[in-house]
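Single-structure report; data block below.
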Amino acid sequence: MFRRREPVPFAFVAEADRFRSNVTPPPREKSSVGQIAGSWLLGVTIVAALVGSLVLGMPALTLDHSPTSTQESQASQGH
């Protein structure tokens, strides 16, 4: 048989939000020049891909209202 856990009092949960630890996390390591360049290159690549897809997709999204030369089939011409 499983034993039920007792519910946590609301006051304890509210107090947990205000709890501050006296243990400081270790300092962050400085990013190397290669890591910074890599992140910039990744960002530029993503932006270039989005712009490229927009440039290539725009002709498909435009509505062409000008009538082009209509081609009639031979059946519609009576031949």
Side-chain angles (χ1 to χ4, degrees):
M1 194 96 200
F2 295 107
R3 202 174 101 198
R4 286 186 165 180
R5 296 177 63 185
E6 293 185 18
V8 178
F10 179 74
F12 177 76
V13 174
E15 186 179 315
D17 291 337
R18 294 189 305 258
F19 179 74
R20 296 281 184 193
S21 175
N22 61 355
V23 178
T24 58
R28 292 182 62 182
E29 295 179 11
K30 284 191 92 175
S31 299
S32 68
V33 175
Q35 289 174 334
I36 294 171
S39 65
W40 270 96
L41 184 62
L42 179 66
V44 168
T45 303
I46 291 172
V47 169
L50 291 172
V51 169
S53 65
L54 187 65
V55 166
L56 292 176
M58 283 303 289
L61 295 174
T62 57
L63 297 174
D64 191 17
H65 294 294
S66 63
T68 57
S69 61
T70 57
Q71 296 179 353
E72 296 181 7
S73 65
Q74 289 181 354
S76 66
Q77 293 176 356
H79 292 123

Could you list the donor-acceptor pairs under 3.5 angstrom formed between side-chain atoms of residues 41-53 and any protein atom two or more places apart in sequence or on another chain?
unit_1: Thr45; atom_1: OG1; unit_2: Leu41; atom_2: O; d: 2.7
unit_1: Ser53; atom_1: OG; unit_2: Ala49; atom_2: O; d: 3.3
unit_1: Ser53; atom_1: OG; unit_2: Leu50; atom_2: O; d: 2.8

Report all side-chain donor-acceptor pairs from residues 26-39 shorter than 3.5 Å, counting only partners two or more places apart or in another chain.
unit_1: Ser32; atom_1: OG; unit_2: Gln35; atom_2: N; d: 3.3
unit_1: Gln35; atom_1: OE1; unit_2: Ser32; atom_2: N; d: 3.2
unit_1: Ser39; atom_1: OG; unit_2: Gln35; atom_2: O; d: 3.4
unit_1: Ser39; atom_1: OG; unit_2: Ile36; atom_2: O; d: 2.8

List, by chain and number, the other hydrophobic cluster members for Leu61, where Ile, Leu, Val, Met, Phe, Trp and Tyr join if side-chain heavy atoms come within less than 4.5 Å, directly or indirectly.
Leu54, Met58
